[in-house]
Amino acid sequence: MNSTAYLSHPLFLQHEMGQYHPESPARLRAIYQQLVATELYAQLHHHRAPPAATAAILRVHQPDYLRTLQQTAPPQGYVQLDPDTAMNPHTLQAAYHAAGAGIRAVDLVMNGEVDNAFCAVRPPGHHAEPGHAMGFCFLNNIAIAAAYALQQPALQRIAIIDFDVHHGNGTETVFRGDQRVLLCSSFQHPFYPGTRLNNAPPNIIHAPMQAGDGSEVFRSLYDDKIFPAVEAFAPQLVLVSAGFDAHSEDDMSGLQLVDEDYIWISERIVELAGRHASGRIVSLLEGGYALEALGRCVAHHIAALSGKPL
């Protein structure tokens, strides 16, 4: 059995982008309800996510962008940053704490206080570019966590595995060409955000899928392409952009994955981290908008981290 930290914060329920927006507080409520129903919640090590320090954010984001976010934050109502992404009065503080969750989780894992960690955060992060918000994302939570972890002398190699249905363009921008970080991602293509896949440097592994590909293609891409690359890289820490929006119940996409695929990939990541990274994993929530499927699959993901299959 592994000890697993669960990091969240009440502010994550205060950030919202409008009544009908799919990236809603109901996502975290669905996860909580499923964790309680499966009795997993009581077995986790609970931590309230602190806010990220400005210095940690500025390892990834441009100072002008951070100032713009601070100046744009509305005292009431909403400010639309792009067609998909809006701020309410709580958004900026929620984003600070979402970024801080990953940093705190890195500390917990690297200090040996827990074996691994899951960050139940909103807003998500992997689309956020150094200089602008996009795709429901404001600060790039996983990139900030990775950049923080790389400050530790003990860490020379970090792998990021991103299985969200949308490509993590922001994370790629931050670490493109950085040989300390191996970024591997599966995603639907062509699809939002329209990343160009040519001329990827050696530390970026793309595993594009087409709508309708389903479980067999998903698993073969990991077995044939992603996992061998991670094995060869031998990471000392594994970070996960855990998006659950490729699920067949999620109308955000068309990849048609099922619960068992998320169990499979979660268990494989745990095995891989056990071989190379002393089991150290920090997983951060990204997408997933079909509430029942999201709750189930996050519970399975955390169960795999804990070594206690449901």
Side-chain angles (χ1 to χ4, degrees), residues 6 8 12-38 40-41 83-86 94 98 118-127 134-137 141-142 161-169 185-193 207-219 221-222 240-267 269 283-305 309-310:
Y6 183 85
S8 199
F12 301 154
L13 297 174
Q14 299 300 311
H15 159 65
E16 49 86 24
M17 296 186 282
Q19 186 175 359
Y20 301 107
H21 201 291
E23 206 293 281
S24 74
R27 300 177 64 228
L28 292 192
R29 295 191 190 102
I31 291 168
Y32 169 76
Q33 290 164 2
Q34 190 66 22
L35 291 176
V36 171
T38 56
L40 260 177
Y41 192 79
D84 303 314
T85 312
F118 181 78
C119 302
V121 297
R122 314 182 39 255
H126 72 157
H127 293 309
M134 62 182 286
F136 314 163
C137 303
N141 306 321
I142 200 158
I161 298 173
D162 185 336
F163 55 75
D164 191 276
V165 80
H166 304 99
H167 178 254
N169 55 287
S185 55
S186 58
F187 50 91
Q188 186 172 325
H189 184 78
F191 203 44
Y192 184 89
M209 299 175 63
Q210 295 182 345
D213 272 351
S215 305
E216 186 175 349
V217 173
F218 177 74
R219 297 191 190 198
L221 281 170
Y222 276 88
V240 182
S241 268
F244 300 89
D245 39 4
H247 197 283
S248 60
E249 294 175 26
D250 201 314
D251 60 11
M252 191 71 78
S253 67
L255 290 189
Q256 301 296 307
L257 301 189
V258 295
D259 290 26
E260 289 73 17
D261 295 315
Y262 292 106
I263 298 170
W264 176 83
I265 193 168
S266 301
E267 291 177 345
I269 290 170
S283 179
L284 292 97
L285 180 66
E286 300 284 1
Y289 308 100
L291 297 180
E292 290 188 10
L294 174 66
R296 293 194 313 268
C297 291
V298 170
H300 283 304
H301 181 64
I302 292 174
L305 292 177
L310 298 177

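Below, each value reflects all heavy atoms present in this structure, side chains not excepted, and no hydrogens, waters or symmetry copies.
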Ser8 side chain to Ala120 main-chain N or O, any donor-acceptor pair under 3.5 Å?
yes
So among Phe191, Phe136, Phe187, which one has a ring-ring contact (aromatic ring centres under 6.0 Å, His included) with His166?
Phe191
For the residue pair Phe163 and Tyr262, categorise the inter-ring angle as parallel (less than 30°), tilted (30 to 60°) or perpendicular (more than 60°).
tilted
Do any N or O atoms from the side chain of Asp250 and from the backbone of Gly288 form a donor-acceptor pair under 3.5 angstrom?
no
Kindly indicate whether the side chain of Phe244, heavy atoms from C-beta on, has any atom under 4.5 Å from the side chain of Val165.
no
Distance check, rounded to the nearest 0.5 Å: Leu257 atom CG versus Cys297 atom SG?
9.0 Å
Give a yes-or-no answer on whether the side chains of Ser253 and Asp245 include a donor-acceptor pair shorter than 3.5 Å.
no
Restricting to pairs with a member in residues 289-304, which pass salt bridge (Lys or Arg N to Asp or Glu O under 4.0 Å), not counting sequence neighbours?
Glu249-Arg296, Asp259-Arg296
For the residue pair Ser24 / Glu16, report whether a side-chain donor-acceptor contact shorter than 3.5 Å exists.
no
With sequence neighbours left out, the residues meeting salt bridge (charged side-chain N to carboxylate O under 4.0 Å, His left out) with Asp162 are none
Less than 3.5 Å apart, any donor N or O on the side chain of Ser266 or His301 sitting next to an acceptor on the other?
yes
Inter-residue atom distance Phe218.CZ - Leu255.CG, 0.5 Å rounding:
8.5 Å
Any non-hydrogen side-chain atom of Val240 less than 4.5 Å from a side-chain atom of Phe118?
no
Does the side chain of Tyr32 reach to within under 4.5 Å of the side chain of Leu28, using non-hydrogen atoms?
no
